[in-house]
Every structure is written in structure tokens, then in C-alpha cells.
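In listed order, ligands and their atoms are each counted from 1. Worth knowing before you read on, the calculation uses all heavy atoms, side chains too, and leaves out hydrogens, waters and symmetry mates.
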Amino acid sequence: MSDQHVRIFDTTLRDGEQSPGISLDVAEKLEIAEQLARLGVDIIEAGFPIASHGDFEAVEAIAKAVRGPVIAGLSRTGFKDIDRAWEAVQHAEKPRLHVFIATSPIHMKKKLRMTEDQVKAEAAAGVARAAGYTADVEFSPEDGSRSDVDFMCEVLQLAVDNGATTLNIPDTVGYGVPEEFGRLIAHIIETVKGDYVVSTHCHNDLGLAVANSLAGVAAGARQVECAINGLGERAGNAALEEIVMAIKTRSDFFGMVETHVRTEELARTSRLVSRLTGYPVQYNKAVVGRNAFAHEAGIHQHGVLEDRETYEIIDASTVGQEAAQIVLGKHSGRHAFADTLTKMGLHLQGDSLNEAFTRFKELADRKVEITEADLEALVAEELGAGAVHRYSILSLDVHGGTLSTPSATVVLADGSDRVEATAEGNGMIDAAIGAIATATGVTGTLLDFKVSSVTKGGDALGDVVVQLDADGAKVSGRGLATDVVEASARAYLNAVNKLVRLRDRGPRERAVGP
Ligand code: KIV
Ligand code: ZN
């Protein structure tokens with residue numbers, strides 16, 4: 001392996017699984033391990049075999065089944081731990097034992113109740129025991145970033161002298177800051193003699209896990225311990241996908257170093273881990289978040305439509321994500337709106353496009369996200385209405401409840417005029433329809449009334465279809481809104497507009513559906 005290879009050590013199944021509330025069974029761990037192998041990580045830390053029977057079983061099953069990556073098992077320095085870890089990983093094509101003991105004053109005093117000399121003896125003996133089983137031994141001085149540097153280097157030297165080939169420096173409590181952590185890695189490389197790879201293991205308590213790991217790489221670390229979606233104890237570990245994409249995207253800064261990860265598998269791996277652990281991926285999570293390639297601001301959308309690189313540094317397909325998504329919302333401009341419609345095969349021009357855009361903006365003010373289904377419905381409403389509407393709603397005010405008679409006041413634009421009417425009804429929808437009938441003078445018999453939800457969620461778009469029978473003509477109208485009373489009023493007015501057009505054209509024409 002060349003010096004430029006940054007080994008990706010995935011600890012999703014060990015440190016990641018230690019996240020509060022996560023408990024994966026053997027089958028789920030195997031599924032994740034198989035996917036990690038497809039992703040191309042170098043090492044999978046499959047678990048902590050002494051911790052529980054389930055952990056042992058999972059590590060053993062992964063060691064037996066998964067080919068490609070090194071399979072590591074975690075162990076304290078006690079021989080019982082090491083023997084048990086070996087029992088589980090021995091079946092692997094490439095087994096590794098990962099031995100750790102804390103070296104910080106607080107851990108040695110309060111947790112281990114050991115002196116420095118005892119810790120040194122434990123580290124040396126534990127590593128030697130592991131090296132008796134395999135040539136691939138990793139050693140970690142737990143809470144390394146809060147340890148006395150000289151003492152930690154002495155322990156690390158003992159580990160190398162007893163057979164450790166990887167020295168992993170944990171920032172166990174996420175205390176480090178990049179510059180300082182980078183200096184620590186450089187100091188270890190300079191001080192500890194022998195043939196070994198230096199590794200980072202950074203927690204995210206200050207949100208610096210990825211930055212600290214990358215500082216470690218810049219200082220010479222050639223293994224990074226990380227987890228999919230940044231899972232791990234407390235605030236988590238360094239996120240694998242961010243480390244990998246930072247090294248790839250900023251090769252101008254990191255120089256020749258590279259990982260062997262198949263980045264196109266990142267999004268799939270993230271989704272699998274999220275589904276099986278029940279830990280959602282935050283929407284704006286770097287690289288794998290669902291908004292990582294979404295643009296809503298009109299200016300950004302315009303830029304991305306011209307050239308993706310105006311606002312994107314990663315091509316979504318390289319991480320297995322969907323290509324740049326133009327998310328239509330209240331900040332979107334006409335350019336993105338028209339472009340999205342065209343991509344959906346919906347063609348509106350001139351006044352129809354303007355009307356649809358105005359309606360879209362009104363909707364976007366009330367609806368968090370406009371989906372393709374919303375747009376289809378909106379365009380169907382626009383096309384169904386034909387090019388010219390006589391009436392459009394300026395305002396609708398409805399009152400209801402169990403204590404008062406439902407009533408509605410509607411103000412309509414009639415060309416350049418305004419018409420207003422108030423009506424009572426046996427419900428708010430009935431009152432709104434009554435007010436429109438009074439304002440327009442068009443009353444028909446309601447033949448059919450259907451309400452359905454176009455989209456899911458609390459702000460779902462209500463799609464109302466009404467069928468009216470008036471003047472011997474049957475017309476249907478369609479209305480969309482996040483509020484079902486408004487959707488009904490729009491549907492009714494849509495039908496009224498059609499009737500008015502029919503009247504204007506003469507008695508022979510008969511309208512059909514929306
Ligand atoms: O955070 C930590 O120190 C660890 C060690 C076991 C490597 O997870
Ligand atoms: Zn950890």
C-alpha cells in the first residue's frame with residue numbers, strides 16, 4: 001500500500017452502534033457490513049465481542065461472511081477480552097485486533113484506578129497477546145487528546161515494540177481543535193519509532209470531528225476512523241461520507257492522498273444505515289442529506305440551471321444522489337418554475353404561465369414544499385380553466401363552528417371590477433359556494449363533489465372536483481389549496497368560469513371535465 005492511501009476504518013457497527021437507542025441484530029449488522037464492503041472501506045470494526053453475546057455473534061458472522069475489507073474486533077487489554085475478540089474475528093479473510101486502554105489522567109485515576117506504570121504494563125502485555133494471534137494489531141490510547149503527550153508517546157512506543165502496526169489517536173470526548181490535533185499527530189509521527197500507520201478517531205462534541213480528522217490527515221495520518229452518517233457515542237464520530245468527499249473534492253489541498261471508497265455508494269449506504277438504525281439523516285447533512293443538492297433561492301436556481309458549478313462543488317451522481325434538484329418554494333423565480341414545468345412535460349405559455357406562476361407563489365407562501373404532484377394539479381387547474389377566466393378570487397373569509405351559522409364573504413375580480421357577496425350555509429364550504437353563486441349570479445345544481453389529497457403531510461394540497469348542472473350544461477371544475485374550503489371555492493369558481501364561457505359562446509357547446 002502506498003503512503004498516499006488514507007485507509008477508511010468504518011466503526012458504524014461498533015462506535016456507531018453505541019449511539020443511544022441503536023441496537024442492531026446480527027442480520028442487520030451483516031447487511032450493513034456487506035454494504036460497507038461494496039462501498040470499499042478498508043477496515044470494518046464489526047463490534048466489541050466481549051461486550052455481549054449478540055456482539056460476539058455479529059462479529060463472528062461478519063468475519064465469516066464478508067470478504068474484501070479487514071474485519072476488526074475491539075478489545076480492552078485484558079487477556080480474556082483479547083482471546084474473546086480473536087475467537088470472533090479469527091474467521092476473517094483479513095482479521096485485526098484493536099486493543100485499547102486509556103492514557104489520560106482522569107481516565108487512569110477515576111476509571112481504571114491505575115498508575116502510569118500499570119497502564120504501560122497493560123498496554124504492552126495486551127498488544128503482545130494480540131500480536132500472538134495476528135500480525136494486524138491496532139492500539140488506541142483512549143482519551144488521547146487529553147493525555148500527557150510524553151506519557152502517551154511512551155505508551156505508543158511500547159505498543160509498537162510489542163507488535164502494534166496501527167496507532168490510533170482517539171479524541172474520545174471531542175475536545176480537540178484542528179490545528180492542535182494536527183500538531184499532535186505530527187508530533188507522534190516524529191517521536192514514536194517503528195513501522196506503523198497513524199490513525200485518527202475523532203468525536204464530534206464540538207462539531208469538529210471531521211475537521212480534526214482532516215487536520216490529522218494533513219499532518220500524516222493514513223487511517224481515519226469514522227462512521228456512516230456520523231453515528232457514534234454522544235454527538236457521534238467523524239462522518240465517513242464527509243471525510244471521503246473532502247479528500248476527493250479538495251485534492252488540490254490534500255495533495256496526492258486518496259481513499260479507495262466507491263463514492264457512488266455513499267448515499268445508498270447512508271440510507272441503509274438510517275433505515276436500520278432508525279436514526280434519521282438531517283435534511284441539510286453534507287453529502288448525503290436530502291437537501292445537499294437542492295436549490296430553492298431564485299438566484300441560485302438560475303445559476304445552477306446555467307451551470308451546475310455556480311452553486312455546487314460536488315456532482316450529485318458521484319455520491320449516488322439525485323442530480324441537482326430545483327426545489328420550488330416561495331423563494332423560487334419564474335425561470336425555475338417554467339424550467340421545472342418543461343422538464344415535467346407541461347407546457348404553459350403567456351398568460352397561462354403568468355397565472356400559474358401567480359397561483360404557485362400564493363400556494364408556496366402557505367405550503368412548505370411544492371412537489372411535482374402539486375405542480376401537475378396546479379397546471380391541470382390552469383389548463384382546465386382555459387386561457388381566460390372571467391372571475392378570480394381576491395379574498396375569501398369564512399366563519400363556522402358549532403356555535404354560529406357558517407357564513408362566507410367572497411370578493412371576486414370580474415375583469416377590472418370587484419364583486420362581493422356574503423352567504424350563509426349549512427357548513428363553511430356550502431357558505432363559500434353560496435357566496436360565489438350570489439356574486440357571479442351563476443347557480444347550478446351540484447352533481448358531484450370529490451375531495452382528495454394530492455400530497456401527503458399536514459400541509460397536503462386538497463384537490464376538489466365539482467360537477468355543476470346549469471343551463472342544460474354539465475361542467476366540472478377543479479380547485480387546489482392547502483385549505484379544503486378554499487379548494488372547494490376555487491373548484492366551484494372554476495366551474496362557474498366555464499359556464500360563463502359556454503354562455504358567451506352559445507348554446508351548442510358542451511363542456512367536458514377539467
Ligand atoms: O472514542 C474512543 O476513544 C474509542 C476507542 C475505543 C478507540 O472509541
Ligand atoms: Zn470512540
Problem set entry | salt_bridge(Glu258, Lys248) N-O dist < 4.0 Å | no
Exercise. Closest N/O/S atom of His201 to the Zn ion (ligand 2), by atom name?
Worked result: NE2
Exercise. Quick one: does Glu233 get a heavy atom under 4.0 Å from ligand 1?
Worked result: no
Exercise. Is Arg96 salt-bridged to Asp136, cutoff N-O under 4.0 Å?
Worked result: yes
Exercise. If you measure every N/O of Thr172 against every N/O of ligand 1, is any gap under 3.5 Å?
Worked result: yes
For this session: Starting from the Zn ion (ligand 2), look over the N/O/S atoms of Asp15 and name the nearest one.
Result: OD2
For this session: Output all residues satisfying ring pair (Phe, Tyr, Trp, His ring centres under 6.0 Å) with Phe360, sequence neighbours left out; order by chain, then residue number.
Result: Phe337, Phe357
For this session: Among all protein heavy atoms, pick the one closest to atom 6 (C) of ligand 1 and tell me residue, atom and distance.
Result: Arg14 NH2, 3.7 Å
Exercise. Should the pair Asp81-Arg129 be classified as a salt bridge under the 4.0 Å nitrogen-to-oxygen rule?
Worked result: no
Exercise. Would you say Leu266 and Thr318 make side-chain contact, with heavy atoms under 4.5 Å?
Worked result: no
For this session: Using 2.8 Å as a strict upper limit, say whether an N, O or S atom of Glu233 approaches the Zn ion (ligand 2) that closely.
Result: no
Exercise. At a 4.0 Å threshold, what atoms of ligand 1 neighbour a non-hydrogen atom of Glu142?
Worked result: 3 (O)
Seminar exercise, completed: Nearest heavy atom to atom 1 (O) of ligand 1, choosing from His107, Arg234, His203, belongs to His203
